[in-house]
Each structure stands twice: as C-alpha cells, then as structure tokens.
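It should be emphasised that the depicted structure is a prediction, and the values quoted were computed from it without experimental measurement.
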Amino acid sequence: MRERKTIGFLIKQINNVYEKDFNKMLKNLGITSSQCAVLDYLFQSSEEEITQRDIERNLCLKNPTVTGLLKRLEEKGFIFSVPSPTDGRCKNIYLTEKAYDIQKKMEASRKKSDKMLTLGMTKREVEAFERALEKVLYNISEP
C-alpha cells in the first residue's frame, strides 16, 4: 500500500514545481514569480495609493521580503515610489510603462501555468479546487 503524503507536504511540492516552471516562463520578461505576484497585485488593485504595507498584507509576505522585491522591481524599471502626501513615513508604489508593456505576457504565462495545474479537470472540479484552496489559505492565515 502506498504511503499517504500529508496535505502540507503536497502543497509544498506543488509550489516548488510550480515556481520553478513559472520562473522559467517569466525569465524572458526579466522577472521572477515573486516579482510577478507584486506586479499582479499592483495591476489589480483599485486603490489609488498602494504602500509597501498593503503589499505585505495582501500577499502574506514579511517586510524584508517585500523590501527586496520592490528594490529589484525598481532597479529593473517596473515600478517607482513616491513619498505619501498624507503620511511621510510611507511611500506609494506606482507601475511604470515598462510594467504595462509586459502585463499581457505575464497574464499569458500565468494562464498557461494555471492550465497545467488543472489539466484533466472539469470546469466544476477547477471551481471546487479553487474554493478548497481559498478555504485552506483562510484557515492558515493570521487573524
């Protein structure tokens, strides 16, 4: 009888493979999967002023991690930051034209990657899978 792997271990394995493959797809755009996640958040946010703290909270990342991601994205010319007019301790993060230039290619890479993850699943199974993953994330997120 085959030994059953724990759910956490399976999620970790899936993440490792997914990230490796997604990084390969994004290499020609000059970004990593983590940097792509930050850019995605900025693209999708309806807020006019987005700070580093917003990114940390929404992507469930720690301050030093986001600091490094933003630094590299700024060095590569995908974002710029401006001191907040309402709070001098914060900087607002904005996308550059260069970021908008790669947006469609990023989305295409993500869709291709998601398609690989759900290969052989029906639309109903994919929807159920997404709901289950959202519950898992909710269950392990900090209050």
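With Glu19 contributing its side chain and Ser33 its backbone, the two residues share no donor-acceptor pair below 3.5 Å. Looking only at distances, no side-chain donor or acceptor of Thr65 sits under 3.5 Å from a matching main-chain atom of Leu61.
Every residue two or more places apart in sequence or in another chain that forms a side-chain contact (heavy atoms from CB on, under 4.5 Å) with Thr96 is listed here: Phe80, Lys98, Ala99. A search for side chain to side chain donor-acceptor pair (under 3.5 Å) contacts involving Asp21 returns nothing, not counting sequence neighbours.
In this structure, NZ in Lys105 is found 11.5 Å from CD1 in Ile31, a value given to the nearest 0.5 Å. One finds the CG atom of Asn92 at 11.5 Å from the CD1 atom of Ile79 (value rounded to the nearest 0.5 Å). One finds the CD atom of Glu107 at 7.0 Å from the CG atom of Asp40 (value rounded to the nearest 0.5 Å). Distance check: Asn16 CG to Ile14 CD1 gives 10.0 Å after rounding to the nearest 0.5 Å. Atom CG of residue Asn58 and atom CZ of residue Arg53 lie 12.0 Å apart, to the nearest 0.5 angstrom. Atom OG1 in Thr118 sits 8.0 Å away from atom CD in Glu130 (nearest 0.5 Å).
The local environment of CD1 in Ile7 is sparse, with at most 12 non-hydrogen atoms from other residues, nucleotides or ligands closer than 6.0 Å. Within 6.0 Å of NZ on Lys76 lie more than 12 heavy atoms contributed by other residues, nucleotides or ligands.
Between Glu127 and Arg124 no salt bridge is recorded (no basic side-chain N to carboxylate O distance below 4.0 Å). Between Lys111 and Asp114 there is no salt bridge, since no side-chain N of the basic residue sits under 4.0 Å from a carboxylate O of the acidic one.
Residues Ile102 and Phe78 meet the side-chain proximity criterion, which asks for heavy atoms closer than 4.5 Å. Side-chain contact between Glu74 and Ser81: present, with at least one pair of heavy atoms (C-beta onward) separated by less than 4.5 Å. Residues Ile50 and Ile55 meet the side-chain proximity criterion, which asks for heavy atoms closer than 4.5 Å. Contact check for Gln35 versus Arg72: side-chain heavy atoms found under the 4.5 Å cut-off. Two residues are said to be in side-chain contact when any heavy atoms from C-beta on lie closer than 4.5 Å; Lys62 and Glu56 fail this criterion.
No continuous path of hydrophobic side-chain contacts links Leu117 to Val126 [ILVMFWY only; heavy atoms under 4.5 Å]. Linking ILVMFWY residues whenever their side-chain heavy atoms come closer than 4.5 Å, directly or via other members, places Leu133 and Met121 in the same cluster.
Residue Glu49 comes nearest to Ser84 through the heavy atom pair OE1-OG, 4.3 Å, listed as atom of the first residue, atom of the second, then distance. Closest of all the heavy-atom pairs between Met25 and Ser109 is SD-O, 3.5 Å. Between Cys36 and Met106, the shortest heavy-atom distance links the atoms SG-CE, 3.7 Å. Between Tyr18 and Ser113, the closest heavy-atom pair is CE1-OG, 3.1 Å.
Screening residues 35-54 for ring pair (Phe, Tyr, Trp, His ring centres under 6.0 Å) gives Phe43-Tyr100 as the qualifying pairs, with residues at least two apart or on separate chains.
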Does the pair Gln52 and Asn63 meet the rule for a side-chain contact (heavy atoms from CB on, under 4.5 Å), with working shown? CA-CA 8 Å; Gln52 178 170 335; Asn63 177 286; 3.5 Å; yes
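No side-chain donor-acceptor contact under 3.5 Å links Thr32 and Ser34. Between the side chains of Thr51 and Asp54, at least one donor-acceptor pair of N or O atoms lies under 3.5 Å.
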